Amino acid sequence: MRLLLVEDDPMIGASVQNGLRQEGHAVDWVRDGLAAELALRDNPYTLMLLDLGLPRRDGIEVLTRLRASGSTLPVLVLTARDAVSDRVRGLDAGADDYLVKPFDLDELAARVRALTRRQLGQAEPMLRRGRLELDPAAHSLTLDGEPVHLSAREFALLKVLMDQGGKPLSRAQIEERLYGWDEEPGSNAIEVHIHGLRRKLGAEWIRNLRGVGYYVPEHA
Ligand code: CA
């Protein structure tokens, strides 16, 4: 999934970006509120991690303007302000959840999973398509109950497709969801990972609708 991180503290920003990348997410990192608004306008994010004390435009203002524009993007506020009034202000401005710094990266990753699951309308933590079962928290996949070992990118790609519940995604849409600004995918990167998935799962699990895109069928 592609996430937007808005954080002006270089240490916290770098550690959150690295931590969430290790979870398999693409993470675009901006350092101020105006840059956040530009990024939101131009990219399909699944979630935003938002610091409140930011240069150029305060986090609360970014959030208020985002909600005023009608966006339902999940927002997780990262606040150094431990005061109840600040957390309440964030939630009232439209945040879905918050974490008080310093926080544990495992907890952050778990909250990201919970928020994106809710956004996608998935009641259960496990993703299932027929005999395929993907566990986003454990980074594991089984087919007919047998574990299948995937590379990090193959796993991320399969999750992006399974999140769609059978709706096809074009190569460009997959790229937008898998890669951040500073990771330019090779021209045939998606095809390579599709090939890898088909080889490990069987070609019937990754279908292509000609001219439209790739999808994971309900049954194969
Ligand atoms: Ca800050």
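Numbering of ligands and ligand atoms starts at 1, following listing order. Everything quoted here is computed from the prediction, not taken from an experiment.
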- ring-ring contact (aromatic ring centres under 6.0 Å, His included) involving Tyr215 - partner list, sequence neighbours excluded: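 Tyr215 satisfies ring-ring contact (aromatic ring centres under 6.0 Å, His included) with no residue once adjacent residues are dropped.
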- Query: Under the salt bridge (Lys or Arg N to Asp or Glu O under 4.0 Å) criterion, do Arg89 and Asp92 qualify, and how do the steps go?
  - Reply: CA-CA 5 Å; Arg89 225 155 61 87; Asp92 279 344; over 6 Å; no
- Task: Check Asp51 and report its N/O/S atom nearest to the Ca ion (ligand 1), by atom name.
- Result: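 Atom name of the closest N, O or S in Asp51: OD2.
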- Message: Quick check: of its N, O or S atoms, which one does Asp8 have closest to the Ca ion (ligand 1)?
- Response: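 In Asp8, the heteroatom (N, O or S) nearest the Ca ion (ligand 1) is OD1.
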- Query: So which heavy atom on Arg67 is nearest to which on Asp96, and how close?
  - Reply: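 The pair with the smallest heavy-atom distance is NH2-OD2, 3.1 Å.
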- Item | salt_bridge(Arg31, Glu7) N-O dist < 4.0 Å |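 Not counted as a salt bridge, because no side-chain N and carboxylate O are separated by less than 4.0 Å.
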- With a cut-off of 3.0 Å, does Gly59 place any N/O/S atom under that distance from the Ca ion (ligand 1)?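 Within the cut-off used here (under 3.0 Å), Gly59 places no N, O or S atom near the Ca ion (ligand 1).
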